[in-house]
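Working notes, beginning with the structure itself.
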Amino acid sequence: MTVVPVKGGGEFPVHRIYCVGRNYVEHAQEMGHTGREPPFFFTKPADTIVYVPEGETGRVDYPSLTKNFHHEIELVVAIGKGGRDIKASDAKACIWGYAVGLDMTRRDLQNDAKKQGRPWCIGKAFDQASPIGPLRSIKDTGELTSGAITLKVNGQLKQKGDLSQLIWNVGEIIEHLSAGWALQPGDLIYTGTPAGVNAVVKGDVMEGEIAGLGTLKVAVG
């Protein structure tokens, strides 16, 4: 079983990984879309997780088949209490905590799949596609509805946004997601990325940060 360590001690067993597509306006625009479209989701296997301890530099290998390997910095929400048809107003009670995550993407393969009307799995759900830092309990962080979210590559700022800019906020995400799946304790939700996604190559070092959650540092090997 895949587990993510918890800040201060303990482990969080991972059940499933859900990801929200195009959940910041400027990122939706850079991907060729506009407006507040209904939320949509894709999944990743739990074993795509790459855990990076705080203060250390993790590593992901440059994956096979791609020539356009993209970073996407995201707030990760950990579910502690599951259920079906959870209302947005009740969603806070389901949140165990939060972490900084990266939704790594083989963009060329994803784009090819889109053009052919095929699933995105090969572009999103490959080995080492989901780096993550330590989880922090909502009891320690409070509910996160705003705060800077950034990503630097080799010290240069590439992505910058604020959690308040989510098109669908965390409560709404949980409401929509739980209408389609029964959420379970141990589920992780990658909530979307701000604009500025771009390619990385071997030797690059990514440094993602979310206010109140620390930094996630990952090198491409």
Side-chain angles (χ1 to χ4, degrees), residues 1-7 10-24 27 39-53 58-61 63 66 69-84 86 91 94-107 109-110 113 119-138 144 149 151 163 166-194 197 206 208 210 213-214 216 218:
M1 175 178 286
T2 300
V3 298
V4 176
V6 173
K7 177 73 174 177
E11 294 179 330
F12 185 87
V14 179
H15 178 244
R16 292 177 178 167
I17 300 173
Y18 297 97
C19 303
V20 186
R22 298 195 294 264
N23 203 24
Y24 287 80
H27 174 59
F40 68 95
F41 308 96
F42 57 93
T43 64
K44 295 189 179 197
D47 64 3
T48 62
I49 289 283
V50 176
Y51 173 67
V52 182
R59 174 188 163 121
V60 295
D61 297 322
T66 186
F69 186 39
H70 276 208
H71 56 74
E72 298 190 12
I73 180 70
E74 309 206 2
L75 171 70
V76 181
V77 176
I79 297 296
K81 176 186 175 184
R84 286 188 180 273
I86 300 163
C94 299
I95 299 171
W96 188 92
Y98 306 95
V100 184
L102 284 167
D103 169 22
M104 301 303 297
T105 304
R106 296 193 283 203
R107 189 73 70 198
L109 301 187
Q110 182 196 29
W120 297 359
C121 301
I122 197 167
K124 287 286 193 178
F126 53 93
D127 297 339
Q128 301 182 325
S130 311
I132 193 170
L135 281 167
R136 286 169 165 80
S137 170
I138 192 172
L144 297 183
I149 175 171
L151 184 124
L163 300 179
L166 286 167
I167 297 172
W168 298 94
N169 65 37
V170 171
E172 292 169 327
I173 290 169
I174 289 172
E175 179 174 305
H176 283 276
L177 194 57
S178 66
W181 292 269
L183 292 182
Q184 300 288 337
D187 287 340
L188 297 179
I189 305 172
Y190 281 61
T191 58
T193 194
V197 299
M206 302 171 287
I210 297 176
L213 296 179
L216 171 64
V218 181

How about [X] and [Y]: do any of their side-chain heavy atoms sit closer than 4.5 Å?
X    : Y    : answer
L163 : V170 : no
I149 : Y24  : yes
P5   : Y51  : yes
I189 : V76  : no
F41  : V20  : yes

Spacing of [X] atom [atom1] and [Y] atom [atom2] [to the nearest 0.5 Å]:
X    : Y    : atom1 : atom2 : answer
S130 : D47  : OG    : CG    : 9.0 Å
K7   : L135 : NZ    : CG    : 12.5 Å
I167 : I173 : CD1   : CD1   : 10.0 Å

Test log, rule side chain to side chain contact (heavy atoms under 4.5 Å, CB included), inputs V3 and F12: CA-CA 5 Å; V3 298; F12 185 87; over 6 Å; no

Minimal non-hydrogen separation, [X] against [Y], with atom names:
X    : Y    : answer
V100 : G214 : CG2-O, 3.7 Å
K81  : C94  : O-CB, 3.1 Å
W96  : I79  : CB-C, 4.1 Å
H71  : L151 : ND1-CD2, 3.5 Å
T105 : E72  : OG1-OE2, 3.5 Å
A91  : G171 : CB-CA, 3.6 Å

Could you go step by step and tell me if L177 and D187 meet the side chain to side chain contact (heavy atoms under 4.5 Å, CB included) rule? CA-CA 11 Å; L177 194 57; D187 287 340; over 6 Å; no

With I132 as reference, evaluate V218, L188, T48, V14 under the side-chain contact (heavy atoms from CB on, under 4.5 Å) test and give the passing residue.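 Per the side-chain contact (heavy atoms from CB on, under 4.5 Å) rule, the option paired with I132 is L188, out of V218, L188, T48, V14.
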
Between the side chain of [X] and the main-chain N/O of [Y], is any donor-acceptor distance below 3.5 Å?
X    : Y    : answer
R16  : T43  : no
N23  : T191 : yes
Q128 : D61  : yes
E11  : V4   : no
T193 : I73  : yes
R136 : L213 : yes

Would you call the rings of W120 and F42 parallel, tilted or perpendicular if under 30° counts as parallel and over 60° as perpendicular?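 Judged by the thresholds at 30° and 60°, the geometry between W120 and F42 is tilted.
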
Would V50 and M104 count as a side chain to side chain contact (heavy atoms under 4.5 Å, CB included) if you check the C-alpha gap in whole Å, the side-chain angles of each, and the deciding distance to 0.1 Å? CA-CA 11 Å; V50 176; M104 301 303 297; over 6 Å; no

side-chain hydrogen bond (donor to acceptor under 3.5 Å, both in side chains) partners for D103, two or more places apart: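 Result, side-chain hydrogen bond (donor to acceptor under 3.5 Å, both in side chains) vs D103: K44, K124.
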
Run the numbers on Y18 and L183 for side chain to side chain contact (heavy atoms under 4.5 Å, CB included), then give the verdict. CA-CA 10 Å; Y18 297 97; L183 292 182; 3.9 Å; yes

